[in-house]
There are 2 protein chains.
Amino acid sequence: MHKTIQLTPDATRCSTCMLNSLCIPVGMPAGDIETLDQIVKERLRVSKGSFVYHQDDEGTALYGIRSGSVKTQLEDASGQVQVTGFLLPGEVVGIDGYLGARHMTHAIAMEDTELCVVPIQDVERITTMLPALSRQLRRLTSQEILRSQQLIMSLGVMRSEQRLAAFLLNLSQRLGALGYSPREFILRMSREEIGNHLGLTLETVSRLFSRFARDNLIRIRQREVQLLDMEMLHQLTGSDCE
Amino acid sequence: MHKTIQLTPDATRCSTCMLNSLCIPVGMPAGDIETLDQIVKERLRVSKGSFVYHQDDEGTALYGIRSGSVKTQLEDASGQVQVTGFLLPGEVVGIDGYLGARHMTHAIAMEDTELCVVPIQDVERITTMLPALSRQLRRLTSQEILRSQQLIMSLGVMRSEQRLAAFLLNLSQRLGALGYSPREFILRMSREEIGNHLGLTLETVSRLFSRFARDNLIRIRQREVQLLDMEMLHQLTGSDCE
DNA sequence: CGTGCTATTGACTTCAATCAACTCCGGTGG
DNA sequence: CCACCGGAGTTGATTGAAGTCAATAGCACG
């Protein structure tokens, strides 16, 4: 389910948003953020399981996640799916549609999610006037590529336990940056989604969680995770430094 | 070995380059390409095995491959390497350094290679005046991400034979676009490099080549490949559409 | 209080990695 | 010119990590 909300003048805007140290405005001068306020005129509410956009949709906007979480996934001609990322509040989805004409992935809400809509048309219009914004877009794009590279590294060279350890630490780090506890959090995604993301089966993910728990690296109860030995997890990640 | 060549006024420029329908100038108006001529003032010759740039180097230029070929690879903290791509003439390397401040990968010449140097400073300077160029950069970035996504898909969901079939077809298609035969070509990279790129061992790659040859899908003699049954290879790629 | 997901655990299989021997080829130098 | 060397590639035997299939357990929701 989708619901668009027009922002009233007194609503929270970029310049007053708690997430503006993470989202699109990072490091932009205050004046520029106010210009951004002008073009972010609506929010989108997407209920759990619904699409923010589909693969091959025309890219019409960037979406800053205000609350909730989103997964992005690729689908190939034969319907095979690969989850390419899990996005948290303060992170931006839809840059692929800004770079090319169309979105290269599906974006799906993992829980009821609220997104700030930044129309691409407006971005293009003001980007020439605001060098800070175009710098920012490049930075976001760069992050997007970095994320891809990390996933490639994970899928290409890591073994299952390394992948999962790296995944947990990555989530932990990002949640920490959001002000949540980096040691204790709720997984918003199922074992199957994690497995698909990491190129593993849900059974393997489940077994690894159990093993990590047995080795006192983590505690896990359903989707509630507690990282007990981040040092050791980190070592697992880099693994055979021989 | 590196050697920089200053371009003389009568040297081939973007506007007269045979590759200008592929490289940075794709689809740019003639006038804009001439502006591009102004800023591409030198070429770089890099001998086989040498680095075009290193991971974490500051991004100072984009490089259009004029002849030869280049591989890009990620290296993590523990020295593990993952080949992220093989680039051909007319393709552009170094965009990661334009987007972020630093290159995220190593770029290494797979044979003696000549590259057109497009200084980032100049790109930034003229990009505001040439909307076609900034559109172009976005397109290139988008392609870069597309490449990553394809690799992620390959590493994440495909089985070894699917990966190799997809790899061969991808090479074939790109060589075809360059005007070479899409059915018969020389691999510029070793079994080991292919294996690393596809998340396989060199032995597996070798075995698969042998098997494909036995099944009359390809003919292979050392690094010389001939695609005999592209239809079947393509089917292998998409595979279990069940 | 069922019903249906989601997750766990076990038994078995399979695909690709590993280890190892051997071949092929290109280059170098006697 | 041939012999030798070393790197690249092939092929075989074996191992091992993760997948598959299957049974069961735990929650969540109506």
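First the proteins, then the strands, lettered A, B, ... as listed; each starts at 1.
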Whole Å only: how far is the [atom1] atom of [X] from the [atom2] atom of [N]?
X	N	atom1	atom2	result
A:I220	C:dT8	CD1	P	6 Å
B:L198	C:dA17	CG	P	11 Å
B:R163	C:dA16	CZ	P	7 Å
A:R211	C:dA7	CZ	C1'	18 Å
B:M158	C:dC15	CE	P	17 Å
A:L200	C:dT8	CG	P	14 Å
A:F212	C:dT8	CZ	C1'	16 Å
A:K48	C:dC5	NZ	C1'	11 Å

(request) Find which nucleotide of DNA chain C each of B:L208 and B:E203 is nearest to by heavy atoms, and output the residue with the more 5' nucleotide. (result)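 Between the two, 5'-proximity favours B:L208.
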(request) Give a yes or no on whether A:Q55 atom CD has more than 12 heavy-atom contacts from other residues, nucleotides or ligands under 6.0 Å away. (result)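 Buried by this count: over 12 neighbours within 6.0 Å.
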(message) Please identify the 5'-most and 3'-most nucleotides of DNA chain D with any atom under 4.0 angstrom from a heavy atom of chain B.
(response)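 Going 5' to 3' along DNA chain D, contacts run D:dA8 to D:dA13.
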(message) Just by distance, no angles: are the side chains of A:S69 and A:E111 close enough, under 3.5 Å, to form a donor-acceptor pair?
(response)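 Per modelled atom types, A:S69 and A:E111 side chains form a pair under 3.5 Å.
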(message) Does B:T237 form a side chain to side chain contact (heavy atoms under 4.5 Å, CB included) with B:Q162? I'd like the steps, not just the answer.
(response) CA-CA 5 Å; B:T237 289; B:Q162 297 182 282; 5.8 Å; no
(message) Going by the rule salt bridge (Lys or Arg N to Asp or Glu O under 4.0 Å), which residues pair with B:R207 if we only count those two or more places apart in sequence or in a different chain?
(response)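 Here no residue qualifies.
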(request) Could you tell me whether A:G195 contacts a base, only the sugar-phosphate backbone, or nothing, with contacts defined as non-hydrogen atoms closer than 4.0 Å? (result)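 Counting heavy atoms under 4.0 Å across all strands, no contact is made by A:G195.
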(request) Could you tell me whether B:S206 contacts a base, only the sugar-phosphate backbone, or nothing, with contacts defined as non-hydrogen atoms closer than 4.0 Å? (result)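 Counting heavy atoms under 4.0 Å across all strands, the contact made by B:S206 includes a base.
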Using nucleotides 24-28 of chain C, report all nitrogen or oxygen pairs with the protein that are shorter than 3.5 Å.
none

May I ask you to verify if any side-chain N or O of [X] is less than 4.0 angstrom from the OP1 or OP2 atom of [N]?
X	N	result
B:T204	C:dA17	yes
A:S210	C:dT9	yes
A:R223	C:dT6	no

(request) Mark yes or no for whether B:R191, through its side chain, and B:L202, through its backbone, hold a donor-acceptor pair below 3.5 Å. (result)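 No, B:R191 side chain to B:L202 backbone: no donor-acceptor pair under 3.5 Å.
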(request) Measure from the side-chain N and O atoms of A:E91 to the backbone N and O of A:L88, and report whether any donor-acceptor pair falls under 3.5 Å. (result)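 Looks like yes, one N/O pair under 3.5 Å.
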(message) For the CD1 atom of A:I108 and the CD atom of A:E193, what is their distance to the nearest 0.5 Å?
(response)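 A:I108 CD1 to A:E193 CD: 8.0 Å, rounded to 0.5 Å.
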(message) To the nearest 0.5 Å, what is the distance between CD1 on B:I152 and CD on A:Q150?
(response)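 So the CD1 of B:I152 and the CD of A:Q150 are separated by 10.5 Å.
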(request) Describe, in one word, how the ring planes of A:Y63 and A:H103 are oriented to each other, choosing from parallel (under 30°), tilted (30 to 60°) and perpendicular (over 60°). (result)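 Ring orientation of A:Y63 relative to A:H103: tilted.
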